[in-house]
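Structure record follows, encoded as structure tokens.
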Amino acid sequence: MDLLWSLLSITCLFLQLEGCTRVIKPNTVVVDVDMTLSTPSPCRNVMLQCGEHGPSVYWQKEKQKIGKGSELTIHVDDFPDAGNFTCHNDNGDILNHTLVLIQVTKNDRGEYPKQILQEISDQIYIKCETKNHSGVFECSWNLNMNPNTVQILVEAHRSNSSISCTVHDLDKSRAVCHELTYCPFQEEVEKVGFNLHAIDGPRFENYSSEFFLADIVKPEKVQIHKKDEGDKKVVMSWEYPQSWDHPHSYFPLTFEVKALKNKHNCDHEVRSDPRTPNHKVPHKGSYHFFTEETSLQLNHSTKKYVFCVRAKDMYCNSPWSEWSAIVLRDPGQQCWLKDYYYSLCFLKHRYSLCHMWHLGP
Ligand SMILES: *[C@@H]1O[C@H](CO)[C@@H](O)[C@H](O)[C@H]1NC(C)=O
Ligand SMILES: *[C@@H]1O[C@H](CO)[C@@H](O)[C@H](O)[C@H]1NC(C)=O
Ligand SMILES: *[C@@H]1O[C@H](CO)[C@@H](O)[C@H](O)[C@H]1NC(C)=O
Ligand SMILES: *[C@@H]1O[C@H](CO)[C@@H](O)[C@H](O)[C@H]1NC(C)=O
Ligand SMILES: *[C@@H]1O[C@H](CO)[C@@H](O)[C@H](O)[C@H]1NC(C)=O
Ligand SMILES: *[C@@H]1O[C@H](CO)[C@@H](O)[C@H](O)[C@H]1NC(C)=O
């Protein structure tokens with residue numbers, strides 16, 4: 001009998017070590033449940049411990065008495081078995097508690113099916129980005145559940161450095177992290193690991209993402225300025241974003257520039273002239289090129305143009321900024337206020353109105 005008992009306890013211990021249950025923080029236990037298994041698994045036993053309080057201690061879950069004694073073993077197979085277990089003394093005072101949560105490891109939808117966050121793209125739930133090389137980065141996700149009931153815990157790490165993260169308290173759908181020791185001039189040997197724990201009622205889910213900071217640098221939009229130089233000449237210039245690193249000579253950006261003829265949006269593809277690829281020569285009236293410079297003189301603004309610029313770190317294989325765009329009209333030909341304000345325009349305000357209009361975006 002004794003032998004049987006020790007065999008049993010060894011088996012139990014072994015199953016316990018297989019990692020069916022784990023303590024994720026004090027008083028919180030997560031039980032991994034494979035929903036495709038019909039037979040209850042012995043590894044899903046959770047021992048609730050109240051502490052040294054004698055035999056009169058009793059346990060409750062959702063105001064219902066469920067057992068007595070300072071230790072109680074419960075079996076967790078499905079969501080109704082999970083919850084917040086409290087132990088009480090004779091007077092009904094709460095002595096201790098254990099929150100038991102379930103992580104579904106498998107169900108008919110596959111391995112680790114997720115519900116609390118929305119999938120952004122195939123198996124991707126978290127997006128991390130930074131506007132510069134300061135070591136500060138932001139991660140965001142979309143909640144499927146009411147932010148008032150969901151609890152989100154995040155943590156980021158990379159060996160030898162400390163990274164602190166704070167979740168935004170209101171929408172709970174983003175976190176700002178800061179790696180204090182980040183040095184943009186040193187090659188990153190190891191990726192940053194970002195982990196997210198989401199708890200909704202008895203449901204526990206974990207999510208993670210891994211990246212090099214240099215790969216997630218996405219500059220903010222550039223500011224475009226336009227200056228009429230007369231004689232159909234227009235000088236377009238653009239600035240490094242305010243949030244980009246200084247000095248700019250150490251952190252150069254590459255710009256993609258397009259001047260698109262008529263009614264195109266910036267994503268419109270311009271095939272460059274095969275004879276002059278990536279050259280500032282218009283092909284069929286539209287420009288498209290890459291440059292490190294921050295201005296361009298357009299010499300024949302006879303058409304309506306959409307002028308687009310976006311930026312990217314020159315040295316990193318990181319994302320482009322969003323496009324910035326401004327619509328150009330030829331000062332000589334187009335003043336669409338003209339007809340409506342004809343008399344006005346024709347008299348003496350015409351030029352000032354046109355001028356005002358063309359200065360605007
Ligand atoms: C209270 O419960 C937790 C588990 O939820 C347990 O780890 C801890 O030991 C208990 N406190 C005492 C004093 O036993
Ligand atoms: C679980 O119960 C304890 C004791 O009443 C309480 O402090 C704790 O906030 C509860 N946790 C949850 C998630 O309801
Ligand atoms: C971490 O620090 C140890 C000792 O300080 C060093 O040997 C190791 O190369 C460092 N690892 C990384 C990834 O920088
Ligand atoms: C979530 O937790 C399980 C069980 O501990 C683990 O096997 C899995 O790798 C984790 N997944 C993520 C994305 O962290
Ligand atoms: C650098 O980027 C971080 C994260 O994107 C941002 O919070 C911070 O304001 C930026 N720094 C400057 C100087 O704008
Ligand atoms: C416009 O003319 C100036 C001076 O001739 C020249 O330097 C510049 O490259 C031209 N710009 C474009 C976009 O062709």
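Hydrogens, waters and symmetry mates play no part in the numbers below; they use all other heavy atoms, side chains included. Atoms within a ligand are numbered from 1 in the order they appear, just like the ligands themselves.
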Query raised in the report: Does Phe211 have any ring pair (Phe, Tyr, Trp, His ring centres under 6.0 Å) partners at least two apart in sequence or in another chain, and if so, which?
Result: Phe137
Query raised in the report: Does Lys127 come within less than 4.0 Å of Glu138, counting only side-chain N to carboxylate O?
Result: no
Which pairs of N or O atoms, one from ligand 1 and one from the protein, are separated by less than 3.5 Å, and what is the distance for each pair?
| from | atom 1 | to | atom 2 | distance (Å) |
| --- | --- | --- | --- | --- |
| ligand 1 | 2 (O) | Gln49 | O | 3.3 |
| ligand 1 | 2 (O) | Asn96 | OD1 | 3.2 |
| ligand 1 | 2 (O) | Asn96 | ND2 | 2.6 |
| ligand 1 | 5 (O) | His97 | O | 3.3 |
| ligand 1 | 5 (O) | Thr98 | OG1 | 2.6 |
| ligand 1 | 11 (N) | Asn96 | ND2 | 2.6 |
| ligand 1 | 14 (O) | Gly51 | N | 3.3 |

Report task. Looking only at distances, please establish whether an N/O atom of ligand 5 is found under 3.5 Å from an N/O atom of Lys131. Result ->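 In this structure, Lys131 places an N or O atom under 3.5 Å from an N or O of ligand 5.
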Query raised in the report: Can you find an N/O atom of Glu138 closer than 3.5 Å to an N/O atom of ligand 5?
Result: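 The answer is no, given that Glu138 and ligand 5 share no N or O pair closer than 3.5 Å.
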Query raised in the report: Are Cys139 and Cys177 within a span of less than 2.5 Å, counting SG to SG?
Result: no
Query raised in the report: Could you give all pairs that pass the salt bridge (charged side-chain N to carboxylate O under 4.0 Å, His left out) test and reach residues 50-71, with sequence neighbours left out?
Result: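 Salt bridge (charged side-chain N to carboxylate O under 4.0 Å, His left out) check on residues 50-71 returns no pairs.
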**Report entry** Inter- and intrachain pairs under salt bridge (charged side-chain N to carboxylate O under 4.0 Å, His left out), touching residues 155-176, at least two apart
**Finding:** Arg158-Glu179, Arg158-Glu188, Asp171-Arg174
Query raised in the report: Would you call Ile152 and Trp141 a side-chain contact if the rule is heavy atoms closer than 4.5 Å?
Result: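 When only atoms from C-beta onward are counted, Trp141 and Ile152 do touch, with a gap below 4.5 Å.
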Query raised in the report: For ligand 5, is any non-hydrogen atom under 4.0 Å from Ser243's backbone (N, CA, C, O), its side chain (CB onward), both, or neither?
Result: both
Query raised in the report: So, for His197 and Phe204, is the gap between ring centers shorter than 6.0 Å?
Result: yes
